[in-house]
Amino acid sequence: MTNISEILGQIKSTSARSVVEAAIKSAKEKSAYHALLSLTEERALIRADKVDAGLIGGKLAGVPFVVKDNFLAFGAPTTAASKMLEKFDAPLQATAVEKLEAEGAICIGKANLDAFAHGGSTENSAYGPTKNAVDMERVAGGSSGGSAVVTALDIVPFALGTDTGGSIRQPASFNGVVGVKPTYGTVSRYGVVAMASSTDTIGVLTNNVTDAEMIMDIMSGKDERDMTTLPDFFKPITLAKPNQKIGLIRDFMAEGVDPEVREAINNYVDKLRADGHIVEEVNLPMVKYSLAIYYIIVPAEISSNLARFDGIRYGLRATGIKTLAELYGQTRDQGFVTENKRRIMIGSYVLSSGFFDAYYLQAQKARTLLVNEFNELFESYDALIGPVAPTVAFKLGENTTDPIKMYLNDIMTVPASLVGLPAISVPVGSSKSGMPIGVQLIGPRRSDAGLLALARSMEAN
Ligand code: GLN
């Protein structure tokens with residue numbers, strides 16, 4: 001697996017152009033995975049030449065990377081894997097992309113996702129699914145499936161993703177890479193297509209923890225253009241805090257969870273103990289409601305955020321239309337996939353005057369109870385641990401006809417999202433069939449660097 005320091009070494013001994021060309025060649029050779037929706041080849045090569053000419057420098061000078069196609073970035077359309085934005089050329093770049101470019105990194109392409117990031121398998125992409133990096137008959141996970149696969153296939157050393165309810169962590173786990181969902185507000189979301197504003201976060205997928213720390217360090221910080229961003233608190237920590245107290249979330253290790261997944265987590269727990277950490281089982285009774293809470297609040301926010309796609313201001317506009325109502329209706333019918341429409345309908349329903357109190361308000365109250373439970377645990381524990389998902393990557397098509405089954409896969413990732421906590425996914429092993437399994441580490445707000453240091457300290461074990 002390539003890492004950033006190796007790539008920097010290659011750039012030094014050859015050139016940025018040859019490294020970027022190699023990444024683009026590798027992307028083309030591996031196109032059967034359908035991990036990328038577009039390449040930004042022309043712009044990438046111009047930037048590579050500028051690095052070689054000494055006109056662009058920085059910590060990542062010449063290092064190729066990929067962005068999920070819901071980030072506004074130059075060089076190719078920003079589609080969000082939808083027909084709505086099929087031809088949408090970004091007028092600006094996301095702050096996260098700008099910050100990486102300021103350090104000399106070179107975006108070579110845009111990764112596939114579930115349309116508008118609604119999903120957990122990348123099968124909701126309007127352009128067809130991404131295949132798992134280990135087994136092409138299985139899903140890549142999602143919604144940042146393309147970002148996970150380009151990283152796992154070593155096309156690039158890192159890729160950006162978004163995580164609203166697990167979309168970085170779950171595909172990272174399914175493809176055997178590191179995935180970081182930071183504390184809510186760590187990285188600016190300016191220039192990223194909004195899904196659910198109260199849980200949307202931006203993070204990274206890498207082949208090792210050190211690279212993730214480096215990228216998070218570059219991307220994090222206050223942005224005047226995103227009022228939810230926190231002052232920069234993320235600073236990589238050299239040595240993990242010794243003898244930590246870690247809670248193993250019992251509710252995530254129940255019967256319904258694949259025994260191979262449980263075994264991999266238990267092995268990791270043994271290694272944590274061998275390293276001097278104390279691991280105890282803890283209960284989070286509210287997590288059993290977290291899917292219900294999530295699938296009320298998130299669709300509500302989606303229905304509001306997607307209202308802007310009306311055929312007038314952005315992207316697609318239906319043709320042959322006589323009335324304004326028809327223009328809205330036809331455009332939205334053609335531009336959204338079934339899952340987008342399902343969420344808009346659920347969201348509009350739970351926000352409607354007759355049902356607001358029964359659903360949306362109730363869900364917000366339950367969310368507060370979930371927040372309180374986590375806060376209480378963090379009074380005694382440094383971090384919490386559990387699986388990322390109940391199973392390894394499932395077969396393509398296995399869950400597509402049953403949305404509830406698909407949503408159930410999110411059960412372990414949505415709690416941290418609802419509470420705004422940092423949560424990372426680190427590879428810990430694989431099933432007998434060779435499918436990767438990840439462990440999830442969740443910490444209190446702003447403990448991101450500590451969690452990563454802990455994960456890094458365990459990498460060699
Ligand atoms: N799978 C979850 C969902 O469908 C998470 C999506 C995300 O984090 N973007 O909502």
Side-chain angles (χ1 to χ4, degrees), residues 67-71 80-82 111-125 129-130 139-148 159-174 179-182 184 187 189 192-205 290-303 305-306 336-347 350 363 367 387-391 393-394 398-400 402-425 438 440 442:
V67 296
K68 186 176 180 178
D69 203 18
N70 55 353
F71 283 75
S82 71
N112 199 8
L113 64 148
D114 291 291
F116 289 101
H118 304 172
S121 68
T122 313
E123 292 168 295
N124 292 334
S125 167
T130 295
V139 299
S143 62
S144 313
S147 298
L160 300 193
T162 57
D163 191 314
T164 300
S167 281
I168 289 175
R169 289 162 283 161
Q170 184 253 34
S173 176
F174 280 9
V180 181
K181 175 215 124 45
Y184 180 76
V187 179
R189 303 173 300 181
V192 179
V193 179
M195 179 178 165
S197 303
S198 79
T199 69
D200 281 349
T201 60
I202 282 160
V204 69
L205 298 106
S290 55
L291 270 184
I293 302 169
Y294 178 88
Y295 278 101
I296 289 171
I297 292 174
V298 166
E301 294 183 18
I302 286 171
S303 74
N305 273 328
L306 295 194
F336 291 133
V337 301
T338 304
E339 185 61 25
N340 304 144
K341 294 175 193 169
R342 181 178 293 122
R343 293 182 188 215
I344 291 167
M345 283 194 283
I346 294 171
V350 300
R367 181 186 198 172
V388 178
T391 62
F394 41 90
E398 199 177 314
N399 291 338
T400 39
D402 186 348
I404 302 285
K405 241 177 114 190
M406 192 69 99
Y407 297 167
L408 279 173
N409 206 264
D410 301 332
I411 192 146
M412 291 153 182
T413 47
V414 300
S417 296
L418 287 167
V419 183
L421 304 172
I424 62 177
S425 171
Q440 183 175 205
I442 306 173

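Just so you know, ligand 1 is whichever comes first in the structure, and atom 1 is the first atom listed for that ligand.
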Q) Would you say Tyr294 touches ligand 1, if touching means a heavy atom closer than 4.0 Å? A)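 Per 4.0 Å heavy-atom rule, Tyr294 contacts ligand 1.
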Q: Take every heavy atom of Thr162, measure it against each atom of ligand 1, and state whether any distance is under 4.0 Å.
A: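 Heavy atoms of Thr162 never come under 4.0 Å of ligand 1.
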Q: Could I get the full list of side-chain contact (heavy atoms from CB on, under 4.5 Å) partners for Tyr407, not counting sequence neighbours?
A: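 Expected list: Tyr295, Glu339, Arg342, Arg343, Pro403.
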Q) Taking only residues two or more places apart in sequence, or in another chain, which ones meet Ser121 in a side-chain contact (heavy atoms from CB on, under 4.5 Å)? A)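 Partners of Ser121 under the side-chain contact (heavy atoms from CB on, under 4.5 Å) test: Asp114, Glu123, Val139, Phe394, Met406.
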Q: May I ask you to identify, for Met195, whether its side chain, its backbone, both or neither come under 4.0 Å of ligand 1 on a heavy-atom basis?
A: side chain
Proximal ligand 1 atoms for [X], defined as those under 4.0 Å from one of its heavy atoms:
X: Gly166; answer: 8 (O)
X: Ser143; answer: 9 (N)
X: Thr164; answer: 7 (C), 8 (O), 9 (N)

Is a donor from one side chain sitting under 3.5 angstrom from an acceptor on the other, for [X] and [Y]?
X: Thr122; Y: Asn112; result: no
X: Asp163; Y: Ser144; result: no
X: Ser82; Y: Asn340; result: no

Q | Nitrogen or oxygen atoms of Arg343 and ligand 1 under 3.5 Å apart | A | yes
Q: State whether the shortest distance between N or O atoms of His118 and N or O atoms of ligand 1 falls below 3.5 angstrom.
A: no
Q | Proximity winner for atom 3 (C) of ligand 1, if only heavy atoms of Phe116, Tyr407, Tyr295 are counted | A | Tyr295
Q. For atom 1 (N) of ligand 1, which of Gly165, Ala117, Gly119 has the closest heavy atom?
A. Gly119
Q) What is the closest protein heavy atom to atom 6 (C) of ligand 1, and at what distance does it sit? A) Ser167 OG, 2.8 Å
Q. Which residue holds the protein heavy atom closest to atom 2 (C) of ligand 1, what is that atom called, and what is the gap in Å?
A. Asp410 OD2, 3.2 Å
Q. Which is it for Gln170 and Asp410 under the side-chain hydrogen bond (donor to acceptor under 3.5 Å, both in side chains) test, yes or no, and what are the steps along the way?
A. CA-CA 8 Å; Gln170 184 253 34; Asp410 301 332; 5.1 Å; no
Q: Decide yes or no for Lys68 and Ser143: does some side-chain heavy atom of the first lie under 4.5 Å from some side-chain heavy atom of the second?
A: yes
Q | N/O donor-acceptor pair under 3.5 Å between Gln440 side chain and Pro387 backbone | A | yes
